[in-house]
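Atoms considered below: every heavy atom in the structure, side chains included; atoms not considered: hydrogens, waters and symmetry mates. So you know, we letter chains A, B, ... as the sequences are listed, proteins then strands, and number each from 1.
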Amino acid sequence: MAQKPSIPKGTRDFNPEQVAKRNYIFSTIQNQFEKFGFQPIETPSFENSETLMGKYGDEGDRLIFKILNSGDYLSKVENSLFKEKDSNKITQIISEKALRYDLTVPFARYVVQHQNEIEFPFKRYQMQPVWRADRPQKGRFREFYQCDADVVGSTSLWQEVELVQLYDAVFTALGLNGTTIKINNRKILSGIAEVIGASDKLIDFTVALDKLDKIGEEKVKQEMLDKGISQSGIERLQPLFTLSGDFGSQIKELKAILNASEDGKKGIEELEFIDNAISELGLQTARLQLDVTLARGLNYYTGAIFEVAAPEGVNMGSIGGGGRYDDLTGIFGMKDMSGVGISFGLDRIYLVLEELDLFPVTVNKNIDVLFINFGDKEALYSLKAIKILRDKGFNTELYPDAAKMKKQMNHANKRNIPFVVLVGEQEMSKDAFTLKNMISGEQSEVTLDTLISTLT
RNA sequence: GUGGUUGUAGCUCAGUUGGUUAGAGCGCCUGAUUGUGGUUCAGGAGGUCGUCGGUUCGAGACCGAUCUUCCACCCCA
């Protein structure tokens, strides 16, 4: 016990059942991605540090896993730097690579690097693990999967409309009814900041506003004050705290607040466009909700901001997020390349489906039929039939050892195998098979043809 | 990164103010039943009590460190 091996904090092993369930989610998402015309790419699990560092804010930098250089990396560190004990400075010298933190920044790098081979607008999807050196909590891991769909090379708002539909399509296909797609717009946030004279404090302002439903109006105001936003500015925000009603009436109020801001008006226009289109097109199971307090992951979003909340009653952080970023490739030296994308948090979706018991029972199915092994002669006879069954598309298996019947039957039972075939001397002499239904317990001696038609 | 919390058999958990050989249920193995599983009955295996150190005549229990779990911040899928 003392030597029992373990895995790092925030990581997990997956057993066959879990992998089957995860694959079910992957393939459901992938199906919808492809239906919407996205194409897959993959990027390395680690990137050059400079590709990632500084793209997610200070907090993000802290959460990036750095990879130590190979060789005698300390020999390159100057003594003076060593004595300074400045972790950030030394990290830059001893670590030149880092594990990917999300899929969006590597994608931006990919677009810039391969710009001459890519046909724009480029719609790509990507389903790969990402790593964050965060403290684990429920639904928060240090290694988890994101499933991203992004479009680059088009500023058309129809993309946002399509992405809302994509969210709806995926969650509908997963049977996850009642999700809320929250939408906001960076331009509205910056417009509000402008109106209250806090343009330079946009991030602080939005981070505080984002907490409204969590910590309440008073604490949000206090946090804004602490961050240096003026009292008079905060007073001008008052209508925002009481904003309510449907999309249209919220828009109406926002128009009044943002009358003086060109940026803000543009944002409202964009939101209205998306809402009008979605109203016309309709959604299957999700609903689109304007949420002006939505302000996650703002470091690169410039237009629409999305976040998906699980159905009411499920205690889980957001299960998806995304937005429009006009300047992302700009950091890598490529101008005028607008992108918009959304992300699905596979691991959280898994937890939600598990909690609501929404995995189809068929997900667990492993094999269709198990042949009981009575000895070498019987095994050979069985394998001839098994070969045919496999060709017909049945997942078929022979128990490898001529173990006791009880053990073999028990094995079939525990693996939830629906049918068992028994072949002994009796059957061999008659060119027959005894097929047993493990659920009903019924069994009968049949020919291979009957066996196949029964299984079909 | 800050504050708190958890860890006893494969799993879920008991274990009194520190006191012999640490228990239960489920699961597992064997047999009743050498070509018939899920039910039943009988028997059996399995724990250096997360790890390391300390206090004590004596530690699963008390103290410290560390790892892990979960939670609240921070931030986020």
Side-chain angles (χ1 to χ4, degrees), chain A residues 1-12 15 25 29 56-64 87 101-104 127-148 167 203 206-208 210-211 214-215 219 223 294-299 306-310 315-323 341-352 370 372-375 378 399 402-428 434-445:
Chain A
M1 283 296 271
Q3 319 298 340
K4 211 174 195 177
S6 64
I7 54 175
K9 154 164 62 172
T11 64
R12 295 144 304 152
N15 65 32
I25 301 174
I29 294 175
Y56 311 99
D58 292 342
E59 192 64 27
D61 281 0
R62 208 195 76 210
L63 297 177
I64 291 173
S87 301
Y101 178 88
D102 72 356
L103 300 178
T104 306
M127 306 197 291
Q128 289 189 280
V130 302
W131 295 268
R132 295 184 188 178
D134 212 349
R135 239 187 231 193
Q137 283 180 37
K138 183 180 183 184
R140 177 180 292 199
F141 308 100
R142 301 183 114 182
E143 178 184 60
F144 61 97
Y145 273 76
Q146 290 192 330
C147 308
D148 278 29
Y167 264 140
I203 298 287
T206 51
V207 164
D210 186 46
K211 294 176 188 165
K214 204 168 172 183
I215 63 177
K219 285 184 179 171
E223 181 166 333
L294 174 60
R296 301 288 178 84
L298 260 191
N299 283 290
F306 297 111
E307 186 168 304
V308 182
N315 177 26
M316 182 62 62
S318 59
I319 56 177
I342 57 174
S343 180
F344 292 80
L346 175 109
D347 304 81
R348 287 187 178 177
I349 292 171
Y350 182 103
L351 292 172
V352 172
L370 174 78
I372 300 294
N373 188 333
F374 284 97
E378 291 86 347
Y399 193 90
K404 283 183 185 167
M405 263 291 260
K406 177 168 178 158
K407 194 177 170 70
Q408 299 193 43
M409 295 296 281
N410 227 321
H411 181 72
N413 227 18
K414 280 176 191 156
R415 286 183 56 194
N416 284 317
I417 297 169
F419 288 99
V420 153
V421 172
L422 299 104
V423 178
E425 277 179 27
Q426 294 168 32
E427 286 84 357
M428 281 172 70
T434 294
L435 177 67
K436 178 169 177 118
N437 181 322
M438 292 300 279
I439 296 154
S440 66
E442 291 165 13
Q443 70 177 53
S444 56
E445 200 174 278

- [ ] Nearest whole angstrom, please: distance from the P of B:A77 to the CD of A:Gln128.
- [x] 17 Å
Open item on the list: Closest-nucleotide mapping onto RNA chain B: is A:Glu223 or A:Phe344 further toward the 5' terminus? I mean the 5' end.
Closed with: A:Glu223
TODO: Could you tell me whether the side chain of A:Gln408 has a donor or acceptor atom within less than 3.5 Å of a complementary atom in the base of B:U36?
DONE: no
- [ ] Answer with base, sugar-phosphate or nothing: what part of the nucleic acid does A:Gln426 contact at a heavy-atom distance below 4.0 Å?
- [x] base
Open item on the list: Can you say whether a donor on the side chain of A:Asn410 sits under 3.5 Å from an acceptor on the base of B:G37, or the other way round?
Closed with: no
TODO: Ignoring backbone atoms, establish whether A:Lys138 has a side-chain N or O less than 4.0 Å from OP1 or OP2 of B:A72.
DONE: no
Task: Interatomic distance where CZ belongs to A:Arg415 and P belongs to B:G38 [whole Å] - done: 18 Å
Open item on the list: Looking at A:Glu378 and B:G35, is any side-chain donor or acceptor paired with a base atom of the opposite kind under 3.5 Å?
Closed with: no
- [ ] Would you indicate which nucleotide in B:U36, B:A77, B:C70 comes nearest to any side-chain atom of A:Pro136?
- [x] B:C70
Open item on the list: Is it true that A:Thr434 and A:Gln443 share a donor-acceptor pair across their side chains at a distance under 3.5 Å?
Closed with: no
TODO: Answer with base, sugar-phosphate or nothing: what part of the nucleic acid does A:Gly139 contact at a heavy-atom distance below 4.0 Å?
DONE: base
Task: Length of the line joining A:Ile215:CD1 and B:A72:C1', which is rounded to integer Å - done: 13 Å
TODO: Indicate the ring-plane relationship of A:Tyr399 and A:His411, choosing parallel, tilted or perpendicular according to the 30° and 60° boundaries.
DONE: perpendicular
Open item on the list: Base, sugar-phosphate or nothing for A:Glu143? Non-hydrogen atoms, less than 4.0 Å.
Closed with: nothing
Task: Residue whose nearest RNA chain B nucleotide is more 5′ - A:Met409 or A:Thr11 - done: A:Met409
Open item on the list: Within this structure, what is the CD-CG distance for the pair A:Gln128 and A:Leu346, rounded to the nearest 0.5 Å?
Closed with: 13.0 Å
Open item on the list: Between C1' on B:U2 and CD on A:Glu59, what's the gap in Å once rounded to a whole number?
Closed with: 11 Å
Task: Nucleotide of B:U36, B:C76, B:G37 approaching A:Met438 most closely (side-chain heavy atoms) - done: B:G37
Open item on the list: For B:U68 and A:Lys9 - does any side-chain N or O of the residue sit under 4.0 Å from the phosphate oxygens OP1/OP2?
Closed with: yes
Task: Per A:Lys436 side chain, nearest of listed nucleotides B:U36, B:C28, B:A77 - done: B:U36
Task: Side chain of A:Arg135 - closest among B:G37, B:U2, B:C75 - done: B:U2
Open item on the list: Please pick, from B:G38, B:C76, B:C71, the nucleotide with the shortest atom-to-atom distance to any side-chain atom of A:Arg132.
Closed with: B:C76
Open item on the list: Can you tell me how far apart CG (A:Asp347) and CD1 (A:Ile319) are? Round to the nearest 0.5 Å.
Closed with: 12.5 Å
TODO: Quick one: label A:Ile439 by what it contacts on the DNA or RNA (base, sugar-phosphate, nothing), any heavy atom closer than 4.0 Å.
DONE: base
- [ ] Test A:Phe344 against every option in A:Phe144, A:Phe306, A:Tyr167, A:Tyr145 by the ring-ring contact (aromatic ring centres under 6.0 Å, His included) rule and name the one that passes.
- [x] A:Tyr167
TODO: Could you tell me whether A:Gly10 contacts a base, only the sugar-phosphate backbone, or nothing, with contacts defined as non-hydrogen atoms closer than 4.0 Å?
DONE: sugar-phosphate
Open item on the list: By nearest atom, which of the nucleotides B:G38, B:A77, B:C74 is closest to the A:Phe144 side chain?
Closed with: B:A77
Open item on the list: Could you measure the distance from the CG atom of A:Asp210 to the CG atom of A:Leu294? Nearest 0.5 Å is fine.
Closed with: 6.5 Å
- [ ] When you get a sec, tell me which of B:C74, B:G38, B:G35 is the closest nucleotide to the side chain of A:Lys211?
- [x] B:C74
Open item on the list: What's the gap between B:A9 and B:U48 when it is taken at their C1' atoms, as a whole Å value?
Closed with: 14 Å
- [ ] Pick base, sugar-phosphate or nothing for A:Ser343, based on heavy-atom distances below 4.0 Å to the nucleic acid.
- [x] nothing
Task: Interatomic distance, A:Leu435 CG vs B:G37 C1' [rounded to whole Å] - done: 15 Å
- [ ] For A:Leu422 and B:G37, give me the distance from atom CG to atom P, rounded to whole Å.
- [x] 11 Å
- [ ] Please state how far atom NZ in A:Lys404 lies from atom P in B:U33, giving the value in whole angstrom units.
- [x] 12 Å
- [ ] Could you check which of B:C75, B:C73, B:G35 has an atom nearest any side-chain atom of A:Leu63?
- [x] B:C75
TODO: Check every strand shown and say whether A:Gly317 touches a base, only sugar-phosphate, or nothing at a heavy-atom separation below 4.0 Å.
DONE: nothing
Task: Base of B:U36 paired with side chain of A:Lys406 (donor-acceptor, under 3.5 Å) - done: no
Open item on the list: Under 4.0 Å, heavy atoms only, any strand: does A:Gly441 hit a base, just the sugar-phosphate, or nothing?
Closed with: base
